[in-house]
Amino acid sequence: MSHDIFAHLRGRAIAALRLLLPELPEEAFLRVTMEPPREASHGDMSTNAALVIGKAAKLAPPKLAAELAAALAALPEVEEATPAGPGFVNLRLREDYLRAQLPIVLREAEAFGQGAAKPGRVNVEYVSANPTGPMHVGHCRGAVVGDGLAALLAKAGFDVTREYYINDAGAQVQALGWAAYWRYLEALPVASHGLWAEGATPEERKAAVEAAYGTTLQYGGEYLVPVGVALAATHGAGLVPPDTGRLALVRGFTVTAMMAEIREDLALLGVKHDVFVSEAELVAEGKLEQAEALLNSQDLIYRGTLPPPKGKLPEDWEEREQTLFRSEKFGDDTDRPLRKSDGTGTYFANDIANHLHKIERGFDQLVHVWGADHGGYVKRMQAAVAALSNRKVSLDVVLTQIVHVVKDGAPVRMSKRAGSYITLRDLIEEVGRDAVRFTMLTRKADAQMEFDLDLVVQQSRDNPVFYVQYAHARCRSVLRAAGDPSLENLAEAPLDSLTDPAELGLIRRLAAWPRLVEAAAIAREPHRVAFFLNDLASDFHLLWNKGKDDNTLRFIQADAPAATQARLALVAATAAVVRSGLGVMGVTPVEEMR
RNA sequence: GCGCCCGUAGCUCAAUGGAUAGAGCACCAGACUACGAAUCUGGGGGUUGGAGGUUCGAGUCCUUCCGGGCGCGCCA
């Protein structure tokens, strides 16, 4: 694991407090933090220790802060420790200690920031788009956030499994099957089914299928045409007329084809999953009944009726008896139906089966990335996971808000009906995978975001993708000019010459990376990585520009080889941390800008 | 009607319960015979939607009101 200077000095502070207050119980130290102060003039880091344990220790915080400061000032890492404000202790680190972080970064390179292995296993489920068509922009954000979050958790030291739940059961897939069957019929010679006359219009053909089989065709997507053609090529007219078995075959074939497309889309986006779990397979295996039995054994299931929604009643409301799960006992607002009034399972029930499947495979923490329209679904699922795992397994849900795509200052409509549906492929083609991924991570997931197609390809300060890539390219440019020294050699370089505030500031930023990984992972906020990289790039560009004003700050000094080595070490470490961060985001660092 | 999410500078957005709420854009004023100025420096801009509360300390937690988004049995 990487050295985290904040965690390290927090440990030092707690050790000092134990000496000062030997009778204090361990729990008293839990709330002690060591973090960078907002105000840079307060020093490199600051601890609230005297404030949070003053009460337990029966000591006035300012007095305790003074004692702690005296103890910390004696540490080899610390230049100065001063009590401040209501009871903070501010630390200024010794420059030697800061500079000593560079060899650590250089030896670990892209692995720098890796957290210590954490106990337990985490399952991150994301995308889980219905296999009813190609991925669109809405799915894309969830995919990128989920993939970034999974990478972030792994970086922080968690054992992560990335999972995709294929919603291949239920009414939508039924409808998909019919639509594919329609396209199949169209791919056959008319004589093989005789549903319409030769030369019938698309509308007439669609109406003929609906009339002949008493169905409503919801999916009319052009993307199903090749599926129909493939079915016709394989089976000829052998699937006419439709029956239960033939439709199941068509459905299976279509879902497989759609999943192949989705996998291609995911590959284009660079989004990876370790496991694909099929809802239909879970149902077929009887996982639903198993989950139901488990809940029933705890008396969490009953037959009953739900109260009607408050306010205006739906037109067709009538009271029906259903199989209900007592989710209210686990903090939900009401109990929830497991089975519809006709006895078939609800989506919720299938999803309970899905979660039982996860729990059985030994995961301790479940994380989901869902669209914001599933917000109302979170509590009941958490209730179900608590019930199934005897409250041992946690479920966190990260909700991603809508993405508004903007081009030339005007919103781009994404409605399927309007026909101007933006697929993920369109988007990647337009701006590139890296820009898509980076941009999708520059906002908190639960904030709506605007995706400006013009901005993300713009080469300027306003575009964080470019700005960060440019910093890396500049690093590489310097290192190339210096003959690409090895990281091993640079890690041995004497660093005493790094004394400029901009140089030390950059080192401080690099050293903060492990702490950022840890904090962002716990908060499930991968966007923090993007903000960190933007700040890091800013620190580097600043230093670069200082070298323009002051020649002695340029990285390569022809007459000072030792200073040059030190600066190259700094530049190489910067490049390594940028790569480490971009690695979490799944963005490729570039060697040069074009 | 009920539930969930959100409300921070003119705009887009940050801020594990920490000290004087920060960046970028826009606006104004500056810096290159380049290790790529596609960058950088400085400046003005705020009652964190309103009001209470908890806390040594609140943009952050609780209550309530206002405003926006999403959802609300037999869709997934």
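Every heavy atom of this structure was used, including side-chain atoms; hydrogens, water molecules and symmetry mates were not. Chain naming here is simple, since letters A, B, ... match the order of the sequence lines and numbering starts at 1 in each.
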Can you work out whether A:Q322 or A:G375 has the more 5'-proximal nearest nucleotide on RNA chain B?
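The residue mapped nearer the 5' terminus is A:G375.
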Which residue, A:A519 or A:R480, contacts RNA chain B at a nucleotide closer to its 5' end, judged by nearest heavy atom?
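By nearest-heavy-atom nucleotide position, the 5'-most residue is A:A519.
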Backbone of A:T305 reached by a side-chain donor or acceptor of A:E321 within 3.5 Å:
no
Between [X] ([atom1]) and [N] ([atom2]), how many Å, whole number?
X: A:M440; N: B:U12; atom1: CE; atom2: C1'; answer: 16 Å
X: A:F348; N: B:C75; atom1: CZ; atom2: P; answer: 16 Å
X: A:R515; N: B:A15; atom1: CZ; atom2: C1'; answer: 12 Å

Using a cut-off of 4.0 Å on non-hydrogen atoms, how would the nucleic acid contact of [X] be classed: base, sugar-phosphate, or nothing?
X: A:F466; answer: base
X: A:L399; answer: nothing
X: A:T33; answer: base
X: A:N48; answer: base
X: A:Q557; answer: nothing
X: A:A482; answer: nothing
X: A:A523; answer: nothing
X: A:E592; answer: base
X: A:F531; answer: sugar-phosphate

Full working for side-chain hydrogen bond (donor to acceptor under 3.5 Å, both in side chains) between A:N90 and A:S46
CA-CA 4 Å; A:N90 294 331; A:S46 174; 3.1 Å; yes
What nucleotide among B:A14, B:A76, B:A19 has an atom nearest to a side-chain atom of A:K340?
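Looking only at heavy atoms from C-beta outward on A:K340, the closest nucleotide is B:A76.
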Quick check for you: among B:G73, B:A76, B:A15, whose closest atom lies nearest to any side-chain atom of A:P337?
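Closest nucleotide among those given: B:G73.
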Would you mind checking if A:E518 and A:K118 are paired as a salt bridge, meaning a charged N to carboxylate O distance below 4.0 Å?
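Between A:E518 and A:K118 there is a salt bridge, with a charged N closer than 4.0 Å to a carboxylate O.
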Using a strict threshold of under 4.0 Å (side-chain N to carboxylate O), is an ion pair present between A:R336 and A:D332?
yes
Any stacking of A:F88 on B:A19, going by centres under 5.5 angstrom and planes within less than 30 degrees?
yes
Compare the ring of A:H374 with the six-membered ring in the base of B:G71 and state whether they stack (centres under 5.5 Å, planes under 30°).
no
Counting only Watson-Crick pairs (N1-N3 plus N6-O4 or O6-N4) and G-U wobbles (N1-O2, O6-N3), all under 3.5 Å, who is the partner of [N]?
N: B:C70; value: B:G3
N: B:A31; value: B:U39
N: B:C25; value: B:G10
N: B:G59; value: none

For A:T400, check side-chain hydrogen bond (donor to acceptor under 3.5 Å, both in side chains) against everything at least two apart and list the hits.
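So A:T400 forms no side-chain hydrogen bond (donor to acceptor under 3.5 Å, both in side chains) with any residue.
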Partners meeting side-chain hydrogen bond (donor to acceptor under 3.5 Å, both in side chains) with A:T254 (sequence neighbours left out):
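Counting only residues at least two positions away or on another chain, A:T254 forms no side-chain hydrogen bond (donor to acceptor under 3.5 Å, both in side chains).
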[N] to [M] separation - [atom1] atoms, rounded to the nearest Å:
N: B:A15; M: B:G7; atom1: P; answer: 10 Å
N: B:C56; M: B:U12; atom1: P; answer: 38 Å
N: B:A19; M: B:A76; atom1: P; answer: 49 Å
N: B:U55; M: B:G17; atom1: C1'; answer: 9 Å
N: B:A9; M: B:A21; atom1: P; answer: 14 Å
N: B:U8; M: B:G69; atom1: P; answer: 15 Å

Is there a donor N/O on one and an acceptor N/O on the other, under 3.5 Å, for the side chain of [X] and the base of [N]?
X: A:R320; N: B:C74; value: yes
X: A:N90; N: B:A19; value: yes
X: A:S46; N: B:A19; value: yes

Contact under 4.0 Å: A:H527 side-chain N or O vs B:A15 OP1/OP2
yes
OP1 or OP2 of B:C72 under 4.0 Å from side-chain N/O of A:K379
no
Between A:H541 and A:Y470, does the ring centre distance come in under 6.0 Å?
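Centroid separation for A:H541 and A:Y470: below 6.0 Å.
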Please find out if less than 6.0 Å separates the ring center of A:F540 from that of A:F555.
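When the ring centroids of A:F540 and A:F555 are compared, they turn out to be within the sub-6.0 Å range.
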Is A:R524 close to A:L153 at the side-chain level, that is, under 4.5 Å between some pair of heavy atoms?
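Counting from C-beta outward, A:L153 and A:R524 do come under 4.5 Å.
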Per-nucleotide protein contact along nucleotides 56-64 of chain B, 5' to 3', at a 4.0 Å heavy-atom cut-off (B base, S sugar-phosphate only, - neither), is BB-B-----
